[in-house]
Amino acid sequence: MNERADFKGKTALVTGAASGMGKETALLLGSEGCTVLIADVNADRLHETSKRLDEMGVINKEYHVDLARADKVERMADSIIEEFGGLDILVNAAGVTMMGDLVDVPLEEWRRVMGVNFWGTLHTIHFLLPSMVAQKRGSIVNVVSGAGLFGLFSTGPYTASKFAVMGLSETIYDEVREHNIRVTAYCPGDTATPIFDKMKIYTWDPDKLRKVINSGFKLTSPEVQAQRIIKAIERGRALETADLFTVACYNLKRFCPPLFRLLSRLGRAAFNRYVK
Ligand SMILES: NC(=O)c1ccc[n+]([C@@H]2O[C@H](COP(=O)([O-])OP(=O)(O)OC[C@H]3O[C@@H](n4cnc5c(N)ncnc54)[C@H](O)[C@@H]3O)[C@@H](O)[C@H]2O)c1
């Protein structure tokens with residue numbers, strides 16, 4: 001899609017639409033004239049998003065689905081293709097996070113985080129991309145993270161899952177471009193959403209960590225991130241990132257790796273002192 005895309009009459013699927021960035025993106029796409037399909041594992045909150053879309057007069061449909069399950073996503077994709085004929089826009093915003101050192105994190109947690117963040121993203125693309133290829137148009141935005149661009153301590157499963165989504169997004173960019181489809185890896189920085197309230201915490205003192213997160217993180221609102229996701233759909237670039245901390249860390253890592261490592265070590269030392 002080009003700059004100033006016309007969203008009217010387009011069909012969009014937004015995952016993670018029960019909360020945070022996914023919810024705000026679904027509402028914004030609805031207000032731009034899309035038919036909005038919304039998917040999430042949280043049925044009650046997903047229904048609230050659907051009710052908001054109803055009030056706005058937006059055609060919408062809810063899919064209560066665990067995206068980590070290939071069979072469930074395949075069923076959702078089949079029903080989307082049958083009822084709507086395919087998709088114009090796919091926004092993969094579902095995700096979970098955690099914090100903890102490798103030695104403390106059980107394999108189950110790796111599977112949970114990879115299951116939603118990586119496999120969930122792959123599942124929707126795997127089952128819905130063929131319909132986009134057939135209609136020779138489409139936009140995919142994978143909501144990644146700064147954690148898809150650089151690795152910071154104590155986020156192993158989360159960072160690995162986001163690097164995986166980054167690799168997936170980058171490698172399919174040119175594969176799908178020849179079918180007039182764009183894939184964007186959108187990397188938001190810390191954002192005021194409920195994701196941190198639900199996060200699993202290992203290694204660190206949960207109360208102290210939550211205090212740090214509530215005082216220093218959550219710099220951007222999900223509404224602003226939704227606007228950037230819409231912009232990302234319009235531009236169709238491979239990578240989009242805007243938040244200052246994310247851009248600064250990414251550039252430090254690329255252009256001055258020793259300084260990036262030093263700051264990471266200092267951050268870790270501060271955590272050892274104040275968050276244990
Ligand atoms: N909030 C931040 O600071 C931040 C920063 C960078 C990247 N991100 C990424 O942005 C995306 C959106 O996060 P958010 O902050 O809006 O979080 P959020 O918790 O508000 O929303 C995430 C949604 O994903 C859903 N979800 C979780 N597991 C699922 C599953 N198995 N199947 C279907 N749905 C599932 C949750 O129910 C929730 O509604 C995530 O991928 C997250 O990793 C968030």
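Whatever order the structure lists ligands and atoms in, that order sets their numbers, starting from 1.
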What protein heavy atom sits nearest [atom], and how far off is it?
{"atom": "atom 5 (C) of ligand 1", "value": "Gly189 O, 3.2 Å"}
{"atom": "atom 11 (C) of ligand 1", "value": "Ala93 O, 3.1 Å"}
{"atom": "atom 16 (O) of ligand 1", "value": "Met21 N, 2.8 Å"}
{"atom": "atom 37 (O) of ligand 1", "value": "Asp40 OD1, 2.6 Å"}
{"atom": "atom 35 (C) of ligand 1", "value": "Val41 CG1, 3.7 Å"}
{"atom": "atom 18 (P) of ligand 1", "value": "Ser19 OG, 3.5 Å"}
{"atom": "atom 3 (O) of ligand 1", "value": "Thr191 N, 2.7 Å"}
{"atom": "atom 28 (N) of ligand 1", "value": "Val116 CG1, 3.5 Å"}

Judged by modelled atom types alone, do Gln135 and Asn180 share a side-chain donor-acceptor pair under 3.5 Å?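 Absent: no donor and acceptor within the cut-off.
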
Could you list which atoms of ligand 1 come closer than 4.0 Å to a heavy atom of [X]?
{"X": "Pro194", "value": "20 (O)"}
{"X": "Gly20", "value": "16 (O), 20 (O)"}
{"X": "Asp66", "value": "30 (C), 31 (N), 32 (N)"}
{"X": "Val144", "value": "7 (C), 8 (N), 9 (C)"}
{"X": "Asp190", "value": "3 (O)"}
{"X": "Val96", "value": "27 (C), 28 (N)"}
{"X": "Ala94", "value": "24 (O), 34 (N), 35 (C), 41 (O)"}
{"X": "Tyr158", "value": "6 (C), 7 (C), 8 (N), 9 (C), 42 (C), 43 (O)"}

Could you work out, for atom 14 (P) of ligand 1, the closest of Thr193, Thr49, Asn92 by heavy-atom distance?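 Looking at heavy atoms only, Thr193 sits closest to atom 14 (P) of ligand 1.
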
Any ion pair linking Glu74 and Arg69 (charged N to carboxylate O, less than 4.0 Å)?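 No.
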
Salt-bridge criterion met for Arg45 and Asp40 (N-O under 4.0 Å):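 Salt bridge: no.
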
More than 12 non-hydrogen atoms from neighbouring residues, nucleotides or ligands closer than 6.0 Å to [atom1] on [X], yes or no?
{"X": "Arg52", "atom1": "CZ", "result": "no"}
{"X": "Lys211", "atom1": "NZ", "result": "no"}
{"X": "Trp119", "atom1": "CH2", "result": "no"}
{"X": "Lys8", "atom1": "NZ", "result": "no"}

For [X], which part has a heavy atom under 4.0 Å from ligand 1: side chain, backbone, both, or neither?
{"X": "Val65", "answer": "backbone"}
{"X": "Val143", "answer": "both"}
{"X": "Lys162", "answer": "side chain"}

Relative to Tyr173, does Arg177 satisfy both conditions: NZ or CZ under 6.0 angstrom from the six-membered ring centre, and within 45 degrees of the ring's axis?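 No, cation not above the ring by the 6.0 Å, 45° rule.
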
Does at least one non-hydrogen atom of [X] fall below 4.0 angstrom from an atom of ligand 1?
{"X": "Pro222", "value": "no"}
{"X": "Gly120", "value": "no"}
{"X": "Lys198", "value": "yes"}

Student check: side-chain heavy atoms of Ser19 and Pro194 closer than 4.5 Å: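 Of all side-chain heavy-atom pairs linking Pro194 with Ser19, at least one is under 4.5 Å.
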
Heavy atoms, side chains only, cut-off 4.5 Å: are Asn60 and Leu37 in contact?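 Side-chain contact under 4.5 Å: no.
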
Of the options [options], which is the one that meets [X] in a side chain to side chain contact (heavy atoms under 4.5 Å, CB included)?
{"X": "Met21", "options": "Gln225, Arg228, Glu223", "result": "Gln225"}
{"X": "Leu209", "options": "Asp207, Asp205, Ile213", "result": "Ile213"}
{"X": "Cys34", "options": "Thr11, Ile59, Ile89", "result": "Ile89"}

With clusters defined by side-chain heavy atoms of hydrophobic residues (ILVMFWY) lying less than 4.5 Å apart, directly or transitively, does Leu13 cluster with Leu67?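 Cluster IDs for Leu67 and Leu13 match.
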
What I want to know is whether Leu67 and ligand 1 share at least one N or O pair that is separated by under 3.5 angstrom.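 Yes - when backbone and side-chain N and O of Leu67 are compared with those of ligand 1, one distance drops under 3.5 Å.
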
